[in-house]
Asks: 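Supplied in structure tokens, the structure appears directly below.
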Amino acid sequence: MNTVQNDDLQAYFKTQRETAESLLSRLIAYKSTVGREHEVQAHLASYLREFGWSVEESAVPDAIASDVDYTVVPTHTTYEGRPNLFVNLKGQGGGRSLILNSHCDVVPAPGGMFQARVEQGVVYGRGACDAKGQVVTILLVLQALKEMGIRLNGDLQAQLVIEEEAGGNGALAAVLNGMKADCAVVLEPTSLQMHPANRGAVWYRLSVKGQSVHMGKYWQGVSAIDQMVELIAILKKYEAKLRSESTGLALFPHDPNPVNVNVGQITGGDWPATVPADCSIEGGIAFLPNKDIPTIHKGLVEMIEQNASEYLRDHYSFEFGRLHNEAFETPADHPSVQCFGEAVHHVLGEQPVVGWIASCDARLFARRGKMPTITFGAGELGVAHSLKEQIKTNDILQAAEVLTRFVINWCGTN
């Protein structure tokens with residue numbers, strides 16, 4: 001980055017407060033829950049074209065449902081009219097390529113949350129940080145490059161995708177149809193911390209069949225709920241094993257431990273005076289990059305088979321559910337991580353390089369796309385999906401400055 005650009009970037013983004021707040025407020029107004037992203041995508045396409053960008057509306061093919069990394073969406077009907085948006089900046093040559101990605105869909109919320117409010121430099125509303133604030137960050141980066149006359153050597157592609165909240169099918173389509181880049185940055189609310197690694201997560205379902213009788217003859221039956229209690233104890237034993245095998249990873253903390261086996265839902269029985277014939281639980285398993293989903297599946301089945309009673313072994317069923325997000329890690333000494341760290345340090349000061357204890361679309365770029373990948377963005381993960389969802393405008397502007405510095409340094413300029 002030359003001296004003029006270096007001096008001017010911070011001053012430039014200080015002038016973009018009103019633009020950021022106004023644009024984010026307009027985006028929040030769209031109730032772009034999964035399956036309803038068409039309106040916000042149309043708005044963004046129009047906005048980008050008005051600003052002089054060529055926008056590719058990339059259709060997500062319905063055939064993607066047969067892909068091994070596709071996540072089943074119970075409410076899905078079609079992808080028609082719900083495109084991903086790509087903005088392609090062709091470089092002058094000789095530089096490294098880059099993808100900037102975030103998503104435009106949001107989780108459901110009460111109607112009032114789609115009416116943004118701005119108070120003392122904070123924007124409130126559904127999607128403020130997850131992830132329409134991230135979309136605004138990308139738009140500010142594009143705007144800065146154009147208005148400051150910065151011409152990149154390497155190719156840059158900005159991606160605004162659908163259906164992240166349902167498991168990442170929009171990003172999967174982007175990985176399969178988009179460019180192969182030397183680095184991908186996926187924007188999520190990370191409190192302005194860079195994360196070159198993400199924890200993985202997979203949902204499971206366990207069911208047990210009992211033998212139903214009247215409670216007055218309980219000894220003649222088998223309680224599926226009692227059997228499930230035994231099974232849950234085995235799950236916690238597996239959690240302890242998984243944790244012990246996942247210590248010592250440099251990018252992940254040990255306290256609190258990011259590895260866990262969660263029981264999120266339980267159903268069983270149909271009458272208070274009946275020994276229950278059925279019980280099922282659903283939950284999630286969080287794991288680190290030293291494991292993958294097939295290994296998790298095999299390890300849990302082995303733990304059950306080795307520790308369950310004969311009856312339980314013969315009467316349980318196990319499957320992984322909709323969510324199947326692999327973990328990933330880009331080494332801390334990779335050139336992309338080093339370069340990104342320099343941009344962060346310039347704007348925000350010294351920060352540790354750690355993994356993110358959440359899961360998002362980043363794993364698709366890292367695992368399926370085989371690209372060095374970093375997760376980064378403004379906003380706090382703790383308020384995402386909540387009734388208090390919010391983001392600080394200053395954080396958006398700082399994130400945009402970090403990303404612009406990284407784009408310039410990574411892609412190169414003449």
Side-chain angles (χ1 to χ4, degrees), residues 23-48 57-62 64-65 69-86 101-117 123-139 159-174 186-189 201 203 264-265 282 284 321-325 358-364 377-391 396:
L23 179 54
L24 179 53
S25 295
R26 292 200 301 273
L27 295 182
I28 288 172
Y30 291 98
K31 297 181 180 180
S32 53
T33 52
V34 173
R36 297 185 56 184
E37 305 97 335
H38 58 288
E39 290 182 342
V40 73
Q41 295 296 74
H43 175 87
L44 284 165
S46 176
Y47 178 89
L48 286 161
E57 298 187 34
S58 178
V60 177
D62 285 322
I64 200 172
D69 287 318
Y70 181 79
T71 301
V72 175
V73 183
T75 58
H76 176 73
T77 54
T78 181
Y79 286 110
E80 184 177 354
R82 301 162 54 206
N84 290 325
L85 303 181
F86 299 157
N101 167 281
S102 196
H103 64 94
C104 300
D105 60 305
V106 299
V107 300
M113 288 196 69
F114 293 97
Q115 298 172 3
R117 73 180 197 274
V123 182
Y124 297 84
R126 174 58 78 233
C129 67
D130 190 16
K132 291 175 178 177
Q134 318 306 327
V135 171
V136 170
T137 300
I138 292 176
L139 297 180
Q159 302 179 348
L160 309 178
V161 304
I162 68 168
E163 213 166 87
E164 188 274 344
E165 297 293 359
N169 298 322
L172 175 61
V186 176
L187 274 67
E188 290 282 355
W203 290 358
Q265 293 178 290
E282 294 185 64
R322 299 194 309 273
L323 188 75
H324 49 93
N325 294 356
S359 184
C360 66
D361 283 349
R363 95 272 180 191
L364 292 165
E380 305 287 337
L381 181 64
V383 297
H385 299 187
S386 79
L387 297 177
K388 298 179 181 179
E389 186 167 358
Q390 60 188 266
I391 194 168
I396 293 176

Asks: Apply ring-ring contact (aromatic ring centres under 6.0 Å, His included) to H43 and list each qualifying residue two or more places apart in sequence or on a separate chain.
Replies: Y30

Asks: For L323, give me all partners under side chain to side chain contact (heavy atoms under 4.5 Å, CB included), at least two apart in sequence or on another chain.
Replies: A201, W203, N325

Asks: If only atom types and distance count, is the side chain of R126 paired as donor or acceptor with the main-chain N or O of V107 below 3.5 Å?
Replies: yes

Asks: If the condition is ring-ring contact (aromatic ring centres under 6.0 Å, His included), which residues does H76 pass it with, not counting sequence neighbours?
Replies: Y79

Asks: Quick one: list whatever passes side chain to side chain contact (heavy atoms under 4.5 Å, CB included) with S46, sequence neighbours left out.
Replies: E50

Asks: Under the rule for ring-ring contact (aromatic ring centres under 6.0 Å, His included), what residues qualify as partners of F114, not counting sequence neighbours?
Replies: none

Asks: Judged by atom type as modelled, is there a donor-acceptor pair below 3.5 Å linking the side chain of E37 to the main-chain atoms of V161?
Replies: no

Asks: Step by step, work out the side-chain contact (heavy atoms from CB on, under 4.5 Å) result for S32 and E39.
Replies: CA-CA 7 Å; S32 53; E39 290 182 342; over 6 Å; no

Asks: Partners of E282 by salt bridge (charged side-chain N to carboxylate O under 4.0 Å, His left out), sequence neighbours excluded?
Replies: R205

Asks: What are the two closest non-hydrogen atoms of Q159 and I138, and how far apart are they?
Replies: O-CD1, 4.4 Å

Asks: When you compare the side chain of I391 with that of P189, does any pair of heavy atoms fall below 4.5 Å?
Replies: no

Asks: Are the side chain of T137 and the backbone N or O of G133 linked by a donor-acceptor pair below 3.5 Å?
Replies: yes

Asks: I would like to know whether I28 and V123 meet side-chain contact (heavy atoms from CB on, under 4.5 Å); could you show each step before the answer?
Replies: CA-CA 10 Å; I28 288 172; V123 182; 3.9 Å; yes

Asks: Do the side chain of H103 and the main chain of E188 share a donor and acceptor less than 3.5 angstrom apart?
Replies: no

Asks: Do L139 and L48 have side chains that approach each other closer than 4.5 Å (heavy atoms only, starting at C-beta)?
Replies: yes

